[in-house]
Amino acid sequence: MRYHVLTLFPEMVLAGLHTSIIGRAADRGIISLNAVNIRDYADNDYGKIDDYPYGGGAGMVMQAEPVYRAYEAVADSLEKKPRVLHMTPQGRVFSQEMAQELALEEDLIFLCGHYEGIDERVLEEIVTDHVSIGDYVLTGGELPAMVMIDAISRMVPGVLNNKESAQFDSFQNGLLEYPQYSRPQEWHGRRVPEILLSGHHANVEAWRAQQSYLRTKERRPDLLKQDNHKNIM
Ligand code: 6GU
């Protein structure tokens, strides 16, 4: 998987993703991360890429041409036209199902806006998907791009090892994960559930399945509704 992030803050994206599991996957060449500074594609000598909105109103708008040039610099180097994901609270809300689907792509371009947004015309020209990470407003698309790259990368074969395997994750089967315990057997007067110490593998599995269900019912009852988990089962 090759990620290309069009952004005004390339160092933010690179710093955030070169640690832990995703950083290790990049070091091993399973994924790669190319952060492209839109400012490098300004059509003037001073790196200005925003201007006032036509019709008036607050804030500044990122201009079409620098965004388009940054996009072309990436897309022209690829054999196939990649999906271009525009990070916007106006997009479809990102999900585990979308992460699994996007993990099948060879290249993904993330377009991160700032200010009051990006000139609509370049969005019409290059964007294939408008994506949001939830119903709240952030100052820019970089954190959403980083969230999505983390979630997608976990679904790319070889990124997780056996122990970290995604197959038992919360959401992977439409339910939340069961609780986990480690040593000591008693902490602050709280004991590890006896069944986990029993060594009865089948009983442990049954208990965990029950805990997954109870926890989902308690914390995320919306996930138990037929319409909601049909897509992630
Ligand atoms: Cl993708 N961008 C911004 N700016 N805010 C958001 C978002 C994206 N998703 C939720 N809030």
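Both backbone and side-chain heavy atoms feed into the values below; hydrogens, waters and symmetry mates do not. Numbers for residues simply follow the sequence, beginning at 1. Bear in mind that the values here come from a model prediction, so they are computed numbers and not experimental data. Counting convention: from 1, in listed order, for ligands and their atoms alike.
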Q. Taking everything shown except R121 itself, do over 12 heavy atoms lie less than 6.0 Å from its CZ?
A. no
Q: Could you state whether I21 and M155 fall into the same hydrophobic cluster, counting links through intermediate Ile, Leu, Val, Met, Phe, Trp or Tyr residues with side-chain heavy atoms under 4.5 angstrom apart?
A: no
Q. Between Y115 and M60, which heavy-atom pair has the shortest distance, and what is it?
A. CB-O, 3.0 Å
(Q) Treating K48 as the side-chain partner and D50 as the backbone partner, does any N or O pair qualify as donor plus acceptor under 3.5 Å? (A) yes
Q. Under the ring-ring contact (aromatic ring centres under 6.0 Å, His included) test, which residues partner H18, sequence neighbours left out?
A. none
Q: Can you tell me which residues line ligand 1 if we count any heavy atom under 4.0 angstrom from one of its atoms, in chain and number order?
A: M87, T88, P89, V131, S132, I133, G134, Y136, L138, G140, P144
Q: Could you check whether the rings of H86 and H130 sit parallel, tilted or perpendicular, using 30° and 60° as the cut-offs?
A: perpendicular
